[in-house]
Amino acid sequence: MATIKELVYDIKNIIRGGMQSDDEIISDRQIEFQINTLRAQYIRQDLNKRRSISENIKQVIHCLDLERVSSNTCGLPSDIKVLRSVTQIPNAIETSHQDLITHVGPTGVLSVGFHLIAYNRAPWAGNNRYTKKMTFAFILDNFVYVFGPESEYLEKVKVEGVFQDPRKISEFVDSHSNLSYDPDKDEYPLSTSMADLIKQQMLAINMQPFIQSFTDQTNNSKSDPQPNTPK
């Protein structure tokens with residue numbers, strides 16, 4: 001795959017027939033927004049058809065800081081010890097079945113994840129002999145909550161998911177202070193086949209007003225708008 005910058009450049013290059021200008025009226029962020037929107041749309045379509053989640057579209061927040069909060073904060077019984085993420089996580093893509101947070105667990109590479117449950121199941125989690133030794137996690141208002149035996153010693157967790165705006169993950173760092181996602185260097189979380197679908201959709205429908213518009217392609221001091229000739 002390619003970085004988001006390379007995807008944006010490719011689409012603009014096709015639209016302008018290989019002739020880009022310093023006076024370009026299409027902003028890179030505008031194209032990136034449409035790529036994100038179409039990516040989310042195609043992912044929802046795949047997941048609603050019960051297809052598996054490709055590893056290519058997942059992103060990881062490597063070290064999300066936790067703090068202890070009152071169980072009343074999330075409506076759990078007062079005798080339950082609860083940890084909550086210090087900061088909110090970005091919005092995950094929603095499907096008809098779930099929000100696409102796929103893993104919450106310790107930060108170790110080989111660590112087993114916690115049992116990820118819906119918030120409405122939290123009051124009953126761990127209440128029987130089969131689950132009382134399990135540690136659970138759920139998402140509420142974009143905060144990550146953790147409770148159970150392992151939460152006693154936790155300071156950070158790792159969160160994996162499919163997020164609506166991949167660039168938002170660049171706001172988080174790993175244990176070595178490296179960005180969890182560097183949009184300038186890391187591959188955009190998308191499969192090659194889905195990238196082709198997005199390009200086709202954008203060129204056929206989303207970007208038609210720009211394809212049909214005039215652009216100054218001469219790169220001189222004058223305004224010399226000319227018709228676009230996409231190839």
Side-chain angles (χ1 to χ4, degrees), residues 33 36-37 39-41 43-44 47-48 53 55 57-183 189:
F33 173 79
N36 289 342
T37 301
R39 169 181 174 269
Q41 174 185 319
I43 289 172
R44 278 194 294 268
L47 271 294
N48 288 337
I53 302 175
E55 294 296 321
I57 64 175
K58 294 179 183 178
Q59 290 178 285
V60 178
I61 299 172
H62 294 91
C63 294
L64 187 65
D65 290 320
L66 300 175
E67 62 182 354
R68 191 166 298 283
V69 296
S70 168
S71 57
N72 294 329
T73 304
C74 54
L76 294 180
S78 57
D79 60 333
I80 295 179
K81 295 180 180 179
V82 178
L83 295 176
R84 187 183 71 180
S85 59
V86 174
T87 58
Q88 293 172 296
I89 62 172
N91 290 328
I93 290 176
E94 302 173 3
T95 73
S96 59
H97 313 298
Q98 61 180 325
D99 289 350
L100 291 182
I101 299 297
T102 57
H103 174 95
V104 176
T107 57
V109 176
L110 299 178
S111 297
V112 178
F114 304 138
H115 292 270
L116 190 57
I117 59 175
Y119 166 62
N120 59 10
R121 286 183 53 203
W124 296 276
N127 286 346
N128 61 59
R129 62 177 179 171
Y130 302 107
T131 63
K132 65 181 181 180
K133 293 184 178 181
M134 294 179 178
T135 298
F136 297 89
F138 63 88
I139 313 298
L140 177 63
D141 296 331
N142 286 62
F143 285 102
V144 177
Y145 287 83
V146 179
F147 66 97
E150 292 180 67
S151 66
E152 194 73 32
Y153 312 101
L154 281 175
E155 295 181 355
K156 301 174 185 289
V157 289
K158 177 174 64 177
V159 179
E160 180 183 80
V162 185
F163 299 94
Q164 291 182 16
D165 184 352
R167 186 179 287 272
K168 294 283 187 182
I169 308 305
S170 64
E171 299 171 6
F172 301 89
V173 297
D174 63 17
S175 58
H176 301 290
S177 298
N178 299 312
L179 296 180
S180 284
Y181 171 68
D182 186 342

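Every value quoted in this text rests on a predicted model; they were computed, and no experiment measured them.
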Validation: residues 116-123 side-chain donor-acceptor distances under 3.5 Å, sequence neighbours left out:
unit_1 : atom_1 : unit_2 : atom_2 : d
Y119   : OH     : C74    : O      : 2.7

* Restricting to pairs with a member in residues 165-176, which pass salt bridge (charged side-chain N to carboxylate O under 4.0 Å, His left out), not counting sequence neighbours? ->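 Residue pairs passing salt bridge (charged side-chain N to carboxylate O under 4.0 Å, His left out), neighbours aside: E32-R167.
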Shortest non-hydrogen separation from [X] to [Y] and the atoms involved:
X    : Y    : result
V162 : R39  : CG1-NH2, 3.7 Å
N36  : Q164 : CB-O, 3.8 Å
S71  : S78  : OG-CA, 3.2 Å

* At what distance, to the nearest 0.5 angstrom, does NE2 of H103 lie from NZ of K158? ->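 Answer for the NE2-NZ pair, H103 versus K158, is 4.5 Å.
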* How long is the span from the CD1 atom in I57 to the CZ atom in F163, to the nearest 0.5 Å? ->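 Atom-to-atom, I57:CD1 and F163:CZ are 11.5 Å apart.
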* Exam field: side chain T135 to backbone F114, donor-acceptor pair closer than 3.5 Å ->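 Here the side-chain-to-backbone pair does not exist.
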* **Sidechain-backbone polar pair: Q59 side chain, P166 backbone, donor-acceptor under 3.5 Å** =>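 Checking the backbone N and O of P166 against the side chain of Q59, a donor-acceptor pair under 3.5 Å is found.
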Only counting residues at least two apart or in another chain, list the ones meeting side-chain hydrogen bond (donor to acceptor under 3.5 Å, both in side chains) with [X].
X    : answer
T102 : E160
H115 : none
K58  : E55
D182 : none

Tell me which donor-acceptor pairs under 3.5 Å the side chains of residues 147-155 have, and how far apart each pair is, sequence neighbours excluded?
unit_1 : atom_1 : unit_2 : atom_2 : d
S151   : OG     : G148   : N      : 3.4
S151   : OG     : G148   : O      : 2.5

Tell me every residue that passes side-chain contact (heavy atoms from CB on, under 4.5 Å) with [X], counting only those two or more places apart in sequence or in another chain.
X    : result
K156 : C63, D65, T107
S70  : N72, T73
N128 : Y130, T131

* Evaluate side-chain contact (heavy atoms from CB on, under 4.5 Å) for I43 paired with L100, printing each intermediate quantity in order. => CA-CA 10 Å; I43 289 172; L100 291 182; 3.8 Å; yes
* Does some side-chain heavy atom of F138 sit less than 4.5 Å from a side-chain heavy atom of V146? ->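 Not in contact.
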All N/O donor-acceptor pairs, side-chain side in residues 85-95, below 3.5 Å, sequence neighbours left out:
unit_1 : atom_1 : unit_2 : atom_2 : d
S85    : OG     : T87    : O      : 2.8
S85    : OG     : V144   : N      : 3.0
Q88    : NE2    : D141   : O      : 2.8
N91    : OD1    : N142   : ND2    : 2.8
T95    : OG1    : H97    : N      : 3.1
T95    : OG1    : Q98    : N      : 3.1
T95    : OG1    : Q98    : O      : 3.0

